[in-house]
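Here's the structure, in structure tokens; my notes come after.
Lettering follows sequence order; numbering is per chain, from 1. Computed from a predicted model, the values in this text were never measured in an experiment. Excluded from the calculations below are hydrogen atoms, water molecules and symmetry mates; all remaining heavy atoms, backbone and side chain alike, are included.
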Protein chains: 2
Amino acid sequence: MDVLQQIRDKGLKVTPARLTIINELAGSHMAYSHSELETLFSKMDRVTLYRILKDFEDAGLVHKIVDVQGVTRYALCKHSCPDEHHADEHVHFNCNSCHKMFCLEKVHVPELKMPGGFKVMGLQTLIYGLCKNCNAA
Amino acid sequence: MDVLQQIRDKGLKVTPARLTIINELAGSHMAYSHSELETLFSKMDRVTLYRILKDFEDAGLVHKIVDVQGVTRYALCKHSCPDEHHADEHVHFNCNSCHKMFCLEKVHVPELKMPGGFKVMGLQTLIYGLCKNCNAA
DNA sequence: AATCTAAATGCAACAATGTTGCGTTTGTTT
DNA sequence: AAACAAACGCAACATTGTTGCATTTAGATT
């Protein structure tokens, strides 16, 4: 199923700006910040970009995740995220050097034993270190 | 060992503002945001507060952690954090309702199996749900 | 106790990030 | 092709965090 049809299925219109963004996100397993996308597509309006990311997130096409440094990032949801907590079902890796963030869909997170009193609804695992590129250098 | 002496030992001067902040942090196992502290101590200068938190963090008295929503928070380090990654050695719990963040020092985080290519240097586990108070209500 | 000095503070200005309102343009439906 | 709701572009604003600089103060020295 192509992204174009995915957008339409969510009741969103297919516009050049939306295609640009979703194609970029679909091209990698990385989570992009607003400012990275702004730099990448400098002719695009800041506000439009914020709204596109929000619309995609609301539609479940994209998940939002805050990185180690507090930067909000967006990545394409692979394998149809069912509910609104789709961002938390996989681990994210943050490179200390290039600051890129990668979605690691295949890493399994074991259950935690929680103290009483807390009602757990989900969790986020954020790993940091050096990515392949930066580790080689 | 009291906080006053801890501050001095790090080569920092003991000022009224610093005492105010560290006493507040010492009084709970919660991680406070800058804006929460600003509201709590409204006569304190915004910039001074930022600098106090930074100084405490650099001194290892306090650790900084970004919550689920991207809000930067600060909490007192219990049991002498040795290195600069002290924030990551325990789990943090974020309440979806009151948005408070709690340090859970006693929850054990199991190792993860990572795919090749990544050099892991640490990880953060962020659990969200309802805290005791909000769950009861 | 008065003096000294580096550290800490308060204020103004600025930068980055994110939001809202509104008039205009455009994708999609008929 | 017309119509309409959705999306866009722009201006303005809010929040969060940083920097420079003049003033004040903690704590060491005499």
Side-chain angles (χ1 to χ4, degrees), chain A residues 2-25 31-74 99 101, chain B residues 2-24 31-74 87 99 101:
Chain A
D2 67 336
V3 285
L4 202 138
Q5 194 52 45
Q6 281 190 309
I7 294 177
R8 280 218 185 82
D9 286 353
K10 300 296 183 174
L12 299 177
K13 290 182 180 173
V14 177
T15 66
R18 285 178 173 168
L19 277 179
T20 302
I21 296 304
I22 207 144
N23 281 330
E24 182 63 32
L25 296 183
Y32 290 76
S33 68
H34 178 275
S35 85
E36 284 170 356
L37 291 169
E38 212 184 342
T39 306
L40 227 43
F41 308 109
S42 51
K43 62 239 131 120
M44 196 176 301
D45 183 73
R46 266 171 27 83
V47 179
T48 298
L49 183 48
Y50 274 116
R51 289 200 266 231
I52 286 175
L53 292 170
K54 172 138 205 335
D55 292 340
F56 282 174
E57 196 204 352
D58 291 347
L61 294 174
V62 152
H63 62 266
K64 175 157 86 171
I65 180 82
V66 175
D67 76 11
V68 175
Q69 312 191 27
V71 177
T72 300
R73 294 179 170 277
Y74 302 85
H99 302 298
M101 182 186 251
Chain B
D2 67 336
V3 286
L4 204 137
Q5 194 52 46
Q6 281 190 309
I7 295 178
R8 279 216 187 82
D9 287 352
K10 300 296 184 175
L12 299 177
K13 290 181 179 173
V14 177
T15 66
R18 284 177 173 170
L19 277 179
T20 302
I21 297 304
I22 206 142
N23 281 331
E24 181 64 33
Y32 290 76
S33 69
H34 178 275
S35 85
E36 282 171 357
L37 292 169
E38 212 184 342
T39 306
L40 226 44
F41 308 109
S42 51
K43 61 233 131 127
M44 195 175 302
D45 183 73
R46 268 171 26 83
V47 178
T48 298
L49 183 47
Y50 275 116
R51 289 199 265 230
I52 286 175
L53 292 170
K54 171 138 206 333
D55 291 341
F56 282 175
E57 196 204 350
D58 291 347
L61 294 174
V62 151
H63 63 266
K64 176 156 84 169
I65 179 83
V66 176
D67 77 10
V68 175
Q69 311 190 28
V71 177
T72 299
R73 294 179 170 277
Y74 303 84
H99 302 298
M101 183 187 249

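In terms of modelled atom types and a separation under 3.5 Å, the side chain of B:H63 and the main chain of B:A31 share no donor-acceptor contact. Under a 3.5 Å cut-off, the side chain of B:R18 and the backbone N or O of B:K13 do form a donor-acceptor pair. Looking at A:H34, its side chain does come within 3.5 Å of a backbone N or O of A:R46 through a donor-acceptor pair.
Look at CZ on B:R18: it is 15 Å from P on D:dT25, rounded to the nearest Å. Between the P atom of C:dT20 and the NZ atom of A:K54 lies a distance of 9 Å, rounded to the nearest Å. Rounding to whole angstrom units, CG of residue B:L37 and C1' of D:dT16 are separated by 14 Å. Atom OH of B:Y50 is separated from atom P of C:dC14 by 18 Å (rounded to the nearest Å). Atom NE2 in A:H34 sits roughly 10 Å away from atom P in C:dT19 (whole-Å rounding). Computed from coordinates, the B:D9 CG to D:dG27 C1' distance equals 15 Å when rounded to whole Å. What separates CD of A:Q5 from C1' of C:dG27 is a distance of 15 Å, to the nearest Å. At whole-Å resolution of the value, CG in A:D55 and P in D:dA5 are 18 Å apart.
When each of B:L37, B:V62, B:I21, B:L53 is checked for a side-chain contact (heavy atoms from CB on, under 4.5 Å) with B:Y32, only B:L37 meets the rule.
Separating the CZ atom in A:F56 from the CD atom in A:Q6 is a distance of 10.0 Å, to the nearest 0.5 Å. One finds the NZ atom of A:K64 at 4.5 Å from the CD atom of A:E57 (value rounded to the nearest 0.5 Å). Atom CD1 of residue B:I22 and atom CG of residue B:L61 lie 4.5 Å apart, to the nearest 0.5 angstrom.
Residues of residues 42-49 of chain B that place a heavy atom closer than 4.0 Å to DNA chain C, in numerical order, are B:D45, B:V47, B:T48.
Proximity of A:R51 to the phosphate of D:dC8: no side-chain N or O atom is located under 4.0 Å from OP1 or OP2.
Considering only residues two or more places apart in sequence or on other chains, A:K54 meets the salt bridge (charged side-chain N to carboxylate O under 4.0 Å, His left out) condition with A:D58.
Ranked by how close their nearest DNA chain D nucleotide is to the 5' end, A:G11 and B:P16 are led by A:G11.
The minimum heavy-atom distance between A:I52 and A:A17, with the atom names listed, is CD1-CB, 3.5 Å.
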Output one line per pair: protein atom, nucleotide atom from nucleotides 28-30 of chain C, and distance, for all N/O pairs under 3.5 Å.
| residue | atom | partner | partner atom | Å |
| --- | --- | --- | --- | --- |
| C:dT28 | OP1 | A:R8 | NE | 3.3 |
| C:dT28 | OP1 | A:V14 | N | 3.0 |

